[in-house]
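Just below is one structure, and these are the notes that go with it.
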Amino acid sequence: MERFKGYTIAHFRKDLLAGLIVGVIALPLGMAFAIASGAKPEYGIYTTIVAGILISLCGGSKYQIGGPTGAFIPILLGIVLTYGYENLLIAGFLSGIMLVLMGLFRLGSLIKFIPRPVTIGFTSGIAVIIFTGQIANFLGLEGIKKHEDFLSNMRELFLHLDTLNVYSVITATIGLLTIIITPKYVPKIPGPLLSLIVSSGVAMLLFPEQVATIGSTFGEIPNRLPHLSFPHVTLEKVVAMLRPAFVIAMLGAIESLLSAVVADGMTGTKHHSNRELIGQGIANIVTPFFGGIPATGAIARTATNIKSGATSPLSGVIHGLVVLVTLLLFAPYASHIPLASMAPILMIVAWNMSERKEFVHVLKTKSTDSIVLVITFLLTIFTNLTIAVEVGLILAIILFVKRMSDIFTVAKVLPDPTKKRMKVSSQIVEKGRDCPQISIYTIEGPLFFGVAQMFEQSIMSTIHHQPRVLILRMSKVPYIDQTGEANLASMVDHFQKHGGTILISGIQPQPQDMLKKSGLYDRIGEGCFFEHTGDALNAAFAHIQRDRCIGCRHYAFEECRNLVRPQSETMGIYRSSGNLK
């Protein structure tokens, strides 16, 4: 394999160390993410093992570390509360199939087109949900019922504040302080692991059985992998789970590719986006057979993997094996970990993923992106991620179309004798001058569905007579879609029907290709397309030179006469290609 080309024992040692460090970090996170998602902690461990190994082996990034992540928490919790855990496994399996199809159909590059304000908005919203979701465990509140909506969960907290457990607060505070100070004093030791050890040790030694633990809440963690199994699948369940599965797949694709991009930036390498999606899909297809929850690329663990010296995907495989060995040897001890010790770990995860700096930066721009950001953020918190992303994308598209429409211009122009080499200008027309036989328009901006009708109306409404020749200067039109082509075709048909001729100058490759595919290029005529406006004017003069100037009320007679008599000395300027660009 390319990713193992030139692999040596020295590389293996680096991968072994990196895998060991990341595996130690991943173990508590796997349990914490599973608990927050409404699943048993061991399911998070199973996901870390199975998905972590498969994503490293089958993915498109050399350094990607996969497993359960915080971004999935609100989605998975909502599915568990609404449909039950067994249906979550079906949704995860379906999402894996969708991810594989995305990769096979080469959709990996399309994920990057999701607007940044949308991703920042829903990521920050998820961070808020994760953080607030751990307040109950931090305070040791009892009798809390989990709900799908944010406001109901906040109401639960206020209603049960009287059940606050001081010992839980002490345990969680010790854990939080340990995570904060560890990077400063012992940076080589993973903060989450040391936090678990210290806070759990304090709780067991000073006030045993005074705080809720993993074992007392979820039962003992088995020190083995589960037997392969899968819930009963029916067509009704599959149909019901399609939309949740699609949300999981889309979020998984976004998270994994963002993580791979981060890895590329840290290492100077380049990942294979479509292969990454296929690897993520395979992992999510297999993991449910072990009872695991959906997984994706984990940005923080991937960055830690790189900083620890990883050189190949083998470090990700080793990280999964480290978690497996830990499960087999130390699972009974994990049952004694207080839930209050897990809370600060997830709170720090939420704080780190909140993208607070980017959030504030976009807000400061006070642009339409700020509106998209805030709406996506609020909808993520107060409704759900599906609605937030859908509305955010639709709003971003509408605002983008509006911006493109604003920059699109159609201006009627004429040669300006006061300018050097008689460049065309709209000022001549604005002064009330016009030519009855030749109309020239400069078009700027993409000609697409948002401006197509305005384009046709702008030209038709400003032509108060039927000119013999209409010249469209399109050197600044980078793109034409089907709607734009249709409106241009309608205008061409109108002019040709009344005996007029349309000439086009400076057309760019994409618009020209679109006109050729639609047949409009041939209807206009290959001889009617010119590189420069000067060439188009020469053709226009040749077309009408046999006619005498009919004069006009607004345009100076002598200037009009010169326009329609190219044989004159004055018009020798026009005959030089490129003078009127």
Side-chain angles (χ1 to χ4, degrees), residues 33 36-37 68-79 95 102 107-135 147-154 243-262 265 294 296-300 346-404:
F33 291 145
S37 300
T69 64
F72 276 143
I73 289 176
I75 300 173
L76 305 188
L77 179 60
I79 294 174
S95 72
M102 288 181 191
L107 300 181
S109 59
L110 297 181
I111 302 297
K112 65 184 179 184
F113 294 114
I114 295 178
R116 185 66 175 151
V118 175
T119 58
I120 294 175
F122 75 67
T123 302
S124 300
I126 289 171
V128 171
I129 294 173
I130 294 173
F131 189 94
T132 56
Q134 293 306 306
I135 294 176
H147 300 273
E148 286 189 72
D149 63 290
F150 178 80
L151 293 178
S152 295
N153 286 320
M154 291 299 97
R243 191 177 183 191
F246 181 73
V247 176
I248 294 172
M250 287 301 300
L251 182 58
I254 294 170
E255 288 290 310
S256 64
L257 294 181
L258 284 177
S259 180
V261 169
V262 170
T296 186
I299 296 176
L346 284 177
M347 287 180 165
I348 292 297
V349 168
W351 176 256
N352 290 335
M353 71 177 288
S354 64
E355 302 204 57
R356 54 198 180 279
K357 293 181 180 179
E358 290 81 358
F359 193 100
V360 173
H361 174 72
V362 175
L363 281 184
K364 286 182 177 179
T365 63
K366 296 180 180 179
S367 61
T368 54
D369 286 339
S370 304
I371 299 173
V372 174
L373 172 73
V374 172
I375 290 178
T376 305
F377 173 72
L378 293 177
L379 288 176
T380 300
I381 296 174
F382 294 108
T383 57
N384 58 62
L385 184 62
T386 306
I387 294 175
V389 173
E390 289 174 351
V391 173
L393 285 175
I394 292 173
L395 184 60
I397 292 170
I398 292 174
L399 293 175
F400 174 77
V401 170
K402 177 64 169 61
R403 286 198 295 268
M404 291 298 99

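When reading the values below, keep in mind they use all heavy atoms of this one structure, side chains included, and skip hydrogens, waters and symmetry mates.
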Heavy-atom check, side chain of [X] versus side chain of [Y], under 4.5 Å:
| X | Y | answer |
| --- | --- | --- |
| Val360 | Lys364 | yes |
| Ile75 | Thr386 | no |
| Ile348 | Asn352 | yes |
| Phe382 | Asp149 | no |
| Val128 | Phe377 | yes |

Are Thr368 and Arg403 linked by a side-chain donor-acceptor pair shorter than 3.5 Å?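 Yes, side-chain donor-acceptor contact under 3.5 Å.
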
Thr132/Ile381 under side-chain contact (heavy atoms from CB on, under 4.5 Å): CA gap, chis, key distance, verdict: CA-CA 11 Å; Thr132 56; Ile381 296 174; over 6 Å; no

Any chance you could measure Ser37, atom OG, to Leu77, atom CG, to the nearest 0.5 Å? 7.0 Å

Over 12 foreign heavy atoms within 6.0 Å of CZ, Arg356: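 More than 12 within 6.0 Å, yes.
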
Does [X] reach the main-chain N or O of [Y] with its side chain, forming a donor-acceptor pair under 3.5 Å?
| X | Y | result |
| --- | --- | --- |
| Thr123 | Ile120 | no |
| Ser259 | Glu255 | no |
| Ser354 | Ser124 | no |

Criterion side chain to side chain contact (heavy atoms under 4.5 Å, CB included) against Thr296, the qualifying member of Ser256, Pro68, Ser95: Ser256

In Leu379, Leu378, Leu373, Val372, the residue satisfying side chain to side chain contact (heavy atoms under 4.5 Å, CB included) with Ile375 is Leu379

Locate the shortest heavy-atom distance separating Thr119 from Glu355; write the atom from each residue and the value.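 Looks like O-OE2, 4.5 Å.
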
